[in-house]
Amino acid sequence: MSTPADLRQASPATVAAVTRGRTRRNRRRRIVIGILVVLIGAMVAVSLMVGRTFYPPGDVLKVILGQDVQGATFTVGRLRLPRTCLAVLAGASFGLGGVTFQTMLRNPLASPDIIGISTGASAAAAVAIITLGLSGSAVSVFAITAGLGVALMVYLLAYQDGVSGIRLILIGIGIAAMMNSIVSYVLSTAGQWDLQEALRWLTGSLNGVRWEETVTVLITMIVLVPVLFLGSRDLTVLQLGDDTASALGVRVDRTRLLVVVCAVGLIAFATSATGPIAFLAFLAGPIAARLAGPGHSLLLPSALVGALLVLLADFAGQYAFGTRFPVGVVTGVLGAPYLIYLIVRANRAGGSL
Amino acid sequence: MSTVESVTPSGAAVVRRPRRVRLLWFLVCLGLIAVLIVASIAVGTRFVPVPTILDALGGADDTLDQAVIRVRIPRTVLALLAGAALAVSGAVFQGVTRNPLADPGILGINMGASLAVVVGLAYFGLSNPNSYIWAAIAGAAISAVFVYAIGSLGRGGPTPLKLALAGAATSAALVSFVTAVILPRNDIAENVQSWQIGGVGGATFERIWQVLPFLGAGLAVCLLSARSLNSLALGDDVAAGLGERVAIARGLASLGAVMLCGATTAICGPIGFVGLVVPHGCRLLVGPDHRWLLPFSALTGAGLLLAADVIGRIVARPGEIDVGIITAFVGAPFFIYIVRRQKVRAL
């Protein structure tokens with residue numbers, strides 16, 4: 001135990017070292033965020049310009065400013081622009097939602113796509129759209145209700161003298177299996193087996209995106225993201241454990257409730273627009289943690305990583321292979337080995353993941 | 001019958017059911033299956049009255065009803081076979097890994113078989129069903145070894161929860177790969193779903209004949225390993241002390257189980273949770289002795305899958321629900337129940 005006297009004695013060197021470390025970490029974080037923003041900007045530009053037909057930057061800019069350009073107005077304005085915007089927004093939503101859960105439950109495997117929350121939202125959205133024939137905000141209400149319901153159900157089922165990490169994850173996997181069977185059933189009742197629609201609800205896809213979906217996700221983000229960022233400081237403290245956090249003055253239950261509702265809301269609205277993009281919520285957090293280093297909230301870096309991943313995966317899925325893969329298939333194939341690597345590493349280390 | 005009980009020490013008598021009780025359950029199961037078979041042939045989009053079924057079994061096939069029956073009979077047979085195979089393979093995996101959460105679906109073994117078949121179809125031009133089955137068995141074996149290796153890394157060896165987690169992760173990974181392989185291939189993509197969710201619709205006797213030798217061989221290997229599974233249940237050290245060659249016994253039993261679930265997946269697609277639920281239920285009925293547990297699991301599994309198929313045809317009339325969807329919906333709560341029952345220490 002160090003007494004105040006010890007601290008005072010050690011102070012000049014220690015304080016200098018701590019300050020240096022802090023400055024270095026802050027600088028690294030700022031640089032990483034800067035690079036991510038630049039990369040996202042570049043990818044947005046590329047996805048708007050490149051495609052079956054190439055449009056020079058000037059044409060794209062004119063379309064964005066609302067001028068009429070032969071051909072480009074339709075292709076860029078109606079097809080590529082909403083798709084690219086939704087890619088950025090949905091990617092950021094999934095990244096934020098995922099890293100919130102991972103931070104709060106202190107386990108990278110506890111991301112909403114693994115513990116069934118995205119699957120639940122997807123099942124509800126599929127039921128609302130395919131079985132009940134709803135559209136627009138009604139679908140989102142369904143999705144967010146189901147997402148919150150699943151989150152609550154997983155938490156309650158995992159509760160047994162406290163919540164253990166692995167038990168929560170396994171129970172989430174069980175719930176995800178049930179939700180997946182609902183999705184499959186709903187898809188099989190859809191009279192015509194529509195492959196595009198099916199893939200959207202099974203792995204996530206940006207095909208056939210319209211402006212209204214993009215706007216819904218944008219409004220959700222405008223409302224929920226500031227709330228989430230306000231809670232981010234408390235969330236970081238929550239990582240030290242409930243007791244420490246409440247000793248440090250965090251209202252644990254209130255913070256948790258607020259943060260979960262925001263995260264589920266982001267995930268559910270994004271899911272009702274694009275379907276559950278496979279492993280995205282799971283991937284963004286750990287990648288951001290590697291890039292940005294420790295010591296700060298991961299919310300902003302994860303949102304940026306999520307957006308960049310969706311842009312890259314969607315672009316690669318459309319043009320890198322012979323056929324057009326939906327974005328969820330690409331992120332699924334990329335994310336799967338990483339998931340297994342994470343489990344191997346956790347088992348080796350012998351910790352609680 | 002009474003001698004068995006008098007010889008056993010009083011403590012063991014609680015676990016070990018008297019033979020009469022077991023025989024009673026055996027007959028009850030047989031009776032239920034007979035009822036289910038009739039239901040399975042009678043029920044569906046078109047309801048067929050029972051006398052017509054008897055006529056059709058006698059060989060008549062002039063009316064529409066009898067034609068319907070001729071489609072439903074192979075389907076019923078396939079459901080019985082697949083259920084039995086999956087349940088036995090689940091029971092063997094639970095015995096081999098000493099893990100209450102083991103099931104060929106949860107451990108990702110069925111998805112491994114599925115991926116192998118899909119890759120074979122897409123890239124290696126597999127066309128005759130016999131090579132499917134071999135591919136499926138190879139895929140099942142590879143994923144079984146893979147999951148076991150990942151799950152047993154680190155301290156404490158293959159604990160139930162680590163294995164289940166490794167299996168679920170592998171399964172999720174394999175689903176992504178299956179989708180990625182099928183998607184660009186319109187020739188095999190006519191039903192993406194059937195390689196992600198299993199079903200027994202569209203069965204023919206021709207395909208059943210092709211898979212039957214594999215199922216028979218797998219079942220025989222499993223039943224012959226029943227005695228060694230009993231020793232393995234006592235722990236590796238005790239089993240070795242009893243003269244069991246632990247590694248060989250374990251390998252052989254796993255091989256049998258892999259053949260069963262691989263061959264089943266090759267014709268039905270991946271069906272989960274049957275191998276989890278059935279052995280747990282059977283243990284309540286006949287106790288933990290594998291010599292009784294395995295045959296009983298086969299019987300109950302056959303009944304369960306057939307029941308799931310019949311339910312799938314009743315609930316969604318005039319359409320039908322694939323049996324894999326029903327088993328997942330019913331089996332997942334059971335999985336959660338077992339996870340909850342595990343001691344916190346094991347987490």
Side-chain angles (χ1 to χ4, degrees), chain A residues 109 113-114 154 157-158 160-162 164-167 169-171 173-182 184-185 187-189 193 195 198-199 202-203 278-279 321-326 328-340 342-353, chain B residues 101 105-106 146 149-156 161-162 164-166 168-177 179-180 183-186 189-193 196-197 199 272-273 312 316 319-322 324-340 342 344 346-347:
Chain A
L109 287 173
D113 41 4
I114 293 177
V154 171
L157 284 172
Q160 217 171 36
D161 314 325
S164 136
I166 295 191
R167 189 169 50 219
I169 293 162
L170 280 175
I171 285 174
I173 288 171
I175 301 262
M178 283 181 78
M179 294 298 154
N180 249 328
S181 70
I182 295 179
S184 302
Y185 169 62
L187 290 177
S188 72
T189 59
W193 175 254
L195 194 64
L199 284 169
L202 288 172
T203 67
F279 291 133
F321 313 101
T323 23
R324 295 191 162 205
F325 284 106
V329 173
V330 179
T331 55
V333 169
L334 287 178
Y338 188 70
L339 174 63
I340 289 169
L342 209 65
I343 288 179
V344 169
R345 211 186 52 170
N347 282 355
R348 279 255 179 76
S352 60
L353 283 166
Chain B
L101 292 173
I106 294 166
F146 181 74
I150 293 181
S152 50
L153 284 174
R155 220 162 13 134
L161 296 174
K162 263 158 69 179
L165 201 55
T170 310
S171 200
L174 292 171
V175 172
S176 305
F177 286 119
T179 316
L183 209 52
R185 296 289 304 260
N186 282 323
E190 89 271 348
N191 207 343
V192 177
Q193 204 186 12
Q196 291 184 336
I197 298 276
F273 294 104
E320 50 186 60
I321 307 180
D322 276 335
I325 296 179
I326 305 259
T327 57
F329 202 74
V330 177
F334 190 79
F335 172 78
I336 292 171
Y337 163 72
I338 299 176
V339 171
R340 271 180 66 81
Q342 292 282 312
V344 181
L347 308 169

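All values reported here derive from a predicted model rather than from experimental measurement. Numbers restart at 1 for each chain; the letters A, B, ... are given by sequence-line order, proteins then strands.
In terms of heavy-atom pairs under 4.5 angstrom with chain B, the leader among Val329(A), Val330(A), Ile171(A), Ile114(A) is Ile171(A).
The two atoms that bring Ile173(A) and Ala168(B) nearest to each other are CD1-CB, 3.5 Å, heavy atoms only. Contact record, Arg167(A) with Arg340(B): CD-CA, 4.4 Å, taken as the closest heavy-atom pair. Nearest heavy-atom pair across Phe177(B) and Ala336(A) is CE1-CB, 4.3 Å. Of all the heavy atoms in Ala328(B) and Met178(A), the pair that sits closest is O-CG, 4.0 Å. Nearest heavy atom pair, residue Ile325(B) against residue Ser181(A), reads CG2-O, 3.3 Å.
Here the OG1-CD1 distance, from Thr170(B) to Ile340(A), works out to 4.5 Å after rounding to the nearest 0.5 Å. One distance of note links CD1 of Ile343(A) with CD1 of Ile150(B); it measures 7.0 Å at 0.5 Å rounding. Going from atom CD1 of Ile106(B) over to atom CG of Leu170(A) covers 9.0 Å, rounded to the nearest 0.5 Å.
Using a 4.5 Å cut-off between heavy atoms, Phe335(B) contacts chain A through its side chain alone, with no backbone atom that close. Only the side chain of Phe273(B) comes within contact range of chain A, judged by heavy atoms closer than 4.5 Å. Phe279(A) touches chain B through its side chain: at least one heavy atom from C-beta onward sits under 4.5 Å away, while N, CA, C and O do not.
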